[in-house]
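Everything below concerns the one structure shown next.
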Amino acid sequence: MVGNYFDLQISWQRASEDVLKLQIMMTLWAFLFGILMEWKGLVELIERRVKLNWKLLIPTVVLSVIIFIPNIYWVKWYGISQDLYPNIFLLPETNMILSVLAGTMFVRSFVKK
């Protein structure tokens, strides 16, 4: 039993290195997809027609920090419980949706309209 536990810990560490990189890259691609969804706002940013919206930028930064935290750390901090709040961040689908939302909000926080 002890040998299996240590083998499990070693495999968890090996998998976590690859999973961290893959999850961060997947989140980054979804964030960039959200930016590209707001292509009209992106054109305005390129043309330097910028108006900063602080009320939207602050939640965008907070959401961006939350989505780039890998699932492994959510499990380490909160464990797997029956509570809804920490378990939301364990699902890859919700992470992708929040990543696209953060990318969209990021562009909208710099556009005049």
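Atom set for the values below is all heavy atoms of this structure, side chains included, hydrogens, waters and symmetry mates excluded.
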Apply side-chain contact (heavy atoms from CB on, under 4.5 Å) to Leu101 and list each qualifying residue two or more places apart in sequence or on a separate chain. Leu63, Leu98, Met105
ILVMFWY network linking Ile58 to Val65, side-chain heavy atoms under 4.5 angstrom: no
Group every Ile, Leu, Val, Met, Phe, Trp and Tyr by side-chain heavy-atom contacts under 4.5 Å, then state whether Met26 and Leu32 land in the same group. no
Please say yes or no: joined through hydrophobic side-chain contacts below 4.5 Å, possibly via intermediate residues, are Val107 and Trp54 part of one cluster? yes
Is there a side-chain contact between Phe106 and Val61 in this structure, where contact means two heavy atoms from C-beta onward sitting under 4.5 Å apart? no
What pairs of residues pass the side chain to side chain donor-acceptor pair (under 3.5 Å) test when at least one of them lies in residues 26-42, not counting sequence neighbours? Glu38-Arg108
Please find the pair of heavy atoms, one from Ile35 and one from Gly103, that lie closest to each other, and give the distance. CG1-O, 3.5 Å
For Ala102 and Ile67, the nearest pair of non-hydrogen atoms, with its separation, is CB-CD1, 3.9 Å
If a pair satisfies salt bridge (charged side-chain N to carboxylate O under 4.0 Å, His left out) and one of its residues is in residues 23-34, list it, with sequence neighbours excluded. none
Residues clustered with Met37, ILVMFWY side-chain links under 4.5 angstrom: Phe33, Val100
Measuring from atom CG of Leu57 to atom OG of Ser109, what distance do you get when rounded to the nearest 0.5 angstrom? 4.5 Å
Please report the C-alpha distance between Asn53 and Phe110 in whole Å, then the side-chain angles of each, then the deciding distance to 0.1 Å, and finally whether the side chain to side chain contact (heavy atoms under 4.5 Å, CB included) criterion is met. CA-CA 6 Å; Asn53 184 356; Phe110 290 106; over 6 Å; no
Linked, directly or transitively: Leu28 and Leu36 (ILVMFWY side chains, under 4.5 Å): yes
Shared hydrophobic cluster, Ile66 / Ile97 (ILVMFWY, side-chain heavy atoms < 4.5 Å): no
Check for a donor-acceptor pair, side chain of Ser99 on one end and backbone N or O of Phe31 on the other, with a separation under 3.5 Å. no
Pairs touching residues 55-66 that satisfy side chain to side chain donor-acceptor pair (under 3.5 Å), sequence neighbours left out: none
Can you sort out the partners of Glu44 under side-chain hydrogen bond (donor to acceptor under 3.5 Å, both in side chains), two or more places apart, ordered by chain and number? none
